[in-house]
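Input: a single structure, listed below in structure tokens.
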Amino acid sequence: MSTANIAPAIRIGVLGFGGLGQAAAKVLAGKREMKLVAVADQKGYAYAAAGLNFKDCIATYQSQGSVGYLEPVGSLGNNSIQDLIDSSQPVDGYFLALPNLPNDFIPSVARQFIQSGWRGVLVDAIKRTSAVEQLIAMKDELQAAGITYMTGCGATPGLLTAAAALAAQSYAEIHQVEITFGVGIANWEAYRATVREDIGHMPGYTVEAARAMTDAEVEALLDKTNGVLTLQNMEHADDVMLELAGIVERDRVTVGGVVDTRNPKKPLSTNVKVTGRTFEGKISTHTFTLGDETSMAANVCGPAFGYLKAGMQLHQRGIHGIFTAAEIMPQFVK
């Protein structure tokens with residue numbers, strides 16, 4: 001068979017190598033249309049044009065605290081993201097598997113890419129409405145820089161927001177979009193940033209307070225709640241994304257859920273309910289439920305790379321700027 005028409009694999013970088021970043025590396029290992037060439041964590045980065053072995057990256061990170069120790073492709077430094085960008089190594093697209101804490105962290109990373117002169121596709125799995133609004137405000141800068149930025153492309157916002165946008169088509173008027181998620185993780189320490197961010201959504205806590213908590217303080221809170229966090233009326237960017245897409249006003253979108261940090265089994269099934277009125281005047285609800293066997297990592301990383309592939313197609317057509325998961329259909333990555 002001729003290989004002349006087979007496109008080269010999209011070269012992917014993953015920024016952040018906690019639980020989500022490591023899961024992203026595992027997801028890419030099973031793809032032929034994308035290959036992992038770059039990884040950055042807080043203390044260093046690794047780059048290999050031929051592709052990085054995710055097992056080596058994870059083993060080095062877990063044993064030595066940074067992929068920067070990975071011989072001979074690692075590089076240590078306290079400004080690892082900037083160092084990786086400055087190295088000018090060819091990367092087509094980056095998944096920002098970074099903490100959403102502080103709230104302007106991911107927008108600040110986007111600004112580093114704008115200032116560097118790099119051109120390509122960025123995708124995030126950002127959560128907060130206010131963080132997405134900061135990125136939306138950078139639309140013209142991203143466009144001028146030749147960057148195609150896909151925001152809110154995880155599970156929620158992301159997969160469930162896109163499902164809501166699709167489900168809305170049955171109705172003449174949308175009354176409510178209700179997203180409820182269940183997350184089960186065996187050990188909170190594998191997803192420290194995610195759990196802290198969830199704590200920031202709880203009554204009596206702020207993003208800053210959650211970020212400042214020590215591991216011992218997080219443990220003490222989880223001991224009080226039996227490891228379960230119950231979250232209601234969260235500041236989740238599904239609302240602004242559905243509003244920007246012209247589907248429903250943001251005050252009709254609610255997001256909440258239950259996170260069990262001591263049990264990999266989901267405490268409840270993740271779903272989105274879209275209630276509206278049809279053109280015949282009937283009130284009805286569509287429900288889209290995710291399979292309980294799919295992990296948070298599967299439901300975040302899969303869509304993120306699907307949206308990155310869609311972003312690559314836009315970028316190749318000269319379409320730059322910022323897009324959300326409610327505006328563009330993801331492309332399946334083989």
Any ring-ring contact (aromatic ring centres under 6.0 Å, His included) involving residues 198-219? Give me the pairs, sequence neighbours left out, ordered by first then second residue.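 Counting only pairs at least two positions apart or across chains, the ring-ring contact (aromatic ring centres under 6.0 Å, His included) contacts touching residues 198-219 are H201-H236.
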Find out whether [X] and [Y] are in side-chain contact, i.e. whether some heavy atom of one side chain is under 4.5 Å from a heavy atom of the other.
X    : Y    : answer
I147 : V121 : no
L229 : M202 : yes
I114 : M138 : yes
V14  : Y94  : no
F181 : N271 : no
L160 : T270 : yes
E235 : S130 : yes
V183 : I185 : yes

Could you name each residue pair satisfying side-chain hydrogen bond (donor to acceptor under 3.5 Å, both in side chains) that touches residues 39-55, not counting sequence neighbours?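 Qualifying pairs: D41-S66.
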Can you confirm whether or not the ring centre of Y171 sits under 6.0 Å from the ring centre of F279?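 No, ring centres 6.0 Å or more apart.
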Using the ring centroid of each side chain, check whether F323 and Y149 are separated by less than 6.0 Å.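 No, the ring centres sit 6.0 Å or more apart.
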Do K31 and F332 meet the cation-pi criteria used here (NZ or CZ under 6.0 Å from the six-membered ring centre, within 45° of the axis)?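 Positive - K31 is close enough to the ring of F332 and near enough to its axis.
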Quick one, D104 with R111, criterion salt bridge (Lys or Arg N to Asp or Glu O under 4.0 Å). Give me CA distance, side-chain angles, the key distance, then yes/no. CA-CA 11 Å; D104 61 352; R111 185 147 274 120; over 6 Å; no
For atom CG of D251, decide whether the heavy atoms of other residues, nucleotides or ligands shown that lie under 6.0 angstrom number more than 12.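 Count over threshold, so yes.
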Might you confirm whether atom CD of Q232 has over 12 heavy atoms from other residues, nucleotides or ligands at distances under 6.0 Å?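 Atom CD in Q232 is not packed in, count stays at 12 or less.
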Ionic contact status for R252 with E249, cut-off 4.0 Å: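 Looking at R252 together with E249, the answer is yes, because their closest N to O distance falls below 4.0 Å.
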In terms of side-chain geometry, is the basic nitrogen of R277 or E173 positioned less than 4.0 Å from the acidic oxygen of its partner?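 Result for this pair is yes, salt bridge flagged.
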Hey, is the main chain of M213 close enough, under 3.5 Å, to the side chain of R196 for a donor-acceptor pair?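 Indeed, once roles are kept as given, a pair shorter than 3.5 Å links the two residues.
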Side chain of E178, backbone of T254: donor and acceptor closer than 3.5 Å?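 Flag not set: sc E178 to bb T254 has no pair under 3.5 Å.
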Given the rule in the salt bridge (Lys or Arg N to Asp or Glu O under 4.0 Å) test, do D238 and K127 qualify, once you have shown the distances and angles that lead to the verdict? CA-CA 8 Å; D238 306 81; K127 289 183 187 174; over 6 Å; no
